[in-house]
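Below, read A as the first sequence line, B as the second, and so on, with proteins coming before strands; counting in each chain starts at 1.
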2 protein chains.
Amino acid sequence: MQNMYRLFFKAFSNTTRLRIVGLLRKKPFTVNELCNKTGFEQSRVSHNLRCLEHCGFVHMTRNGSFRTYHLDKETIAPILDLLEKHMKKYRKKLERCEVLRK
Amino acid sequence: MQNMYRLFFKAFSNTTRLRIVGLLRKKPFTVNELCNKTGFEQSRVSHNLRCLEHCGFVHMTRNGSFRTYHLDKETIAPILDLLEKHMKKYRKKLERCEVLRK
DNA sequence: TTTGCATATGATAACCTTATCATATGCTTG
DNA sequence: CAAGCATATGATAAGGTTATCATATGCAAA
């Protein structure tokens, strides 16, 4: 159980994945679109999409050689919405923490 | 904003901190008690408590040379409760993800 | 069936995180 | 104030994570 939490948080404690999830909260995108929007390399985006998909946080649909990724809306979206509310309270502290700031 | 999320998740994506938080959800403990319960070294516990305190997730009260740590109940507890509900859905997938499993 | 685009994947070097060790601080009691 | 316990802290080696590079796969159109 403990470990599950850890994996869950780990999935989101990464710049690349958070950025992707952030975009997918608005609407679905193809891999290329995600690359353009983020400025990240294609393989970097693909590798991390793979992780997100494995975890069930995003889903993929094919359209020819294009692959469109979209967020699993019922579950992840509400969690992120909830966190957003709480987040402001911690902002300054989080940013000041020497352990995490690295 | 993105970075704040990252720091938040990062704080919890660590075995030691999760374990401590897990215990503090039940009731407050001193450093020594946390060491005994977890089997972790004292300095390991202290270092991580420091991080949790900086982030505002736990608070500390002194009692002589003892220091009792307790969870910030209004905020972290409800988030963890919410996550617990969603978590079961992801369990198997999370554990299967090659990227996170490492 | 060749070329080109869209995406995936394996290996690994560079980077980041963590636990540990050694030591410091700070009560508290004899 | 000396000794002992409770806890904190700095430095760093060991371990873990990530981005990147090179390359593969797979579709699509000429």
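Qualifying salt bridge (Lys or Arg N to Asp or Glu O under 4.0 Å) partners for A:R50, counting only residues two or more places apart in sequence or in other chains: B:E98. Residues satisfying the side-chain hydrogen bond (donor to acceptor under 3.5 Å, both in side chains) criterion with A:E41, sequence neighbours excluded, are absent altogether. Evaluation of the ring-ring contact (aromatic ring centres under 6.0 Å, His included) rule for B:Y69 yields no partner, not counting sequence neighbours. In terms of the side-chain contact (heavy atoms from CB on, under 4.5 Å) criterion, residue partners of B:T30 (sequence neighbours excluded) are, by chain and number, B:N32, B:E33, B:F66, B:T68. Annotation: salt bridge (Lys or Arg N to Asp or Glu O under 4.0 Å) contacts of A:R19 (sequence neighbours excluded): none. Residues passing the side-chain contact (heavy atoms from CB on, under 4.5 Å) test with B:T16, sequence neighbours excluded: B:N14, B:I20, B:F40, B:R44, B:N48. Under the side-chain contact (heavy atoms from CB on, under 4.5 Å) criterion, B:K37 pairs with B:L23, B:F29, sequence neighbours left out. Listed by chain and number, the residues in a side-chain contact (heavy atoms from CB on, under 4.5 Å) with B:C51 are A:C97, A:V99, A:L100, B:R17, B:C55 (sequence neighbours excluded). Taking B:N63 as the reference, nothing meets the side-chain hydrogen bond (donor to acceptor under 3.5 Å, both in side chains) condition, with sequence neighbours excluded.
The CG-C1' distance, from A:N48 to C:dA8, rounds to 13 Å in whole Å. One can place CG of B:L34 at 15 Å from C1' of D:dA8, the figure rounded to the nearest angstrom. Atom-to-atom, CZ of B:F66 to C1' of D:dG4 comes out at 12 Å; the value is rounded to the nearest Å. Atom pair B:E33:CD and D:dC5:C1' shows a separation of 15 Å (rounding to whole Å applied). For the pair A:L49 CG and C:dA6 P, the computed distance is 16 Å after rounding to whole Å. Distance A:N36 CG to C:dC5 P: 14 Å, rounded to the nearest Å.
The phosphate of C:dT17 has neither OP1 nor OP2 within less than 4.0 Å of any side-chain N or O from B:N14. The side chain of B:Y69 contributes an N or O atom lying less than 4.0 Å from OP1 or OP2 of D:dA8.
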Q) Taking protein heavy atoms under 4.0 Å as touching, what does nucleotides 20-30 of chain C look like 5' to 3' if B marks base contact, S marks sugar-phosphate-only contact and - marks none? A) BBB----SS--
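Taking a 4.0 Å limit (strictly below) on heavy-atom distances, residues 15-32 of chain A reaches DNA chain D at A:T16, A:R17. Looking at residues 50-58 of chain B, you'll see that no heavy atom sits under 4.0 Å from any atom of DNA chain C.
Here the side chain of A:S46 pairs no donor or acceptor atom with the backbone of A:S43 at under 3.5 angstrom.
The aromatic rings of A:F12 and A:F57 lie parallel to each other, with less than 30° between the two planes, well short of the 60° mark.
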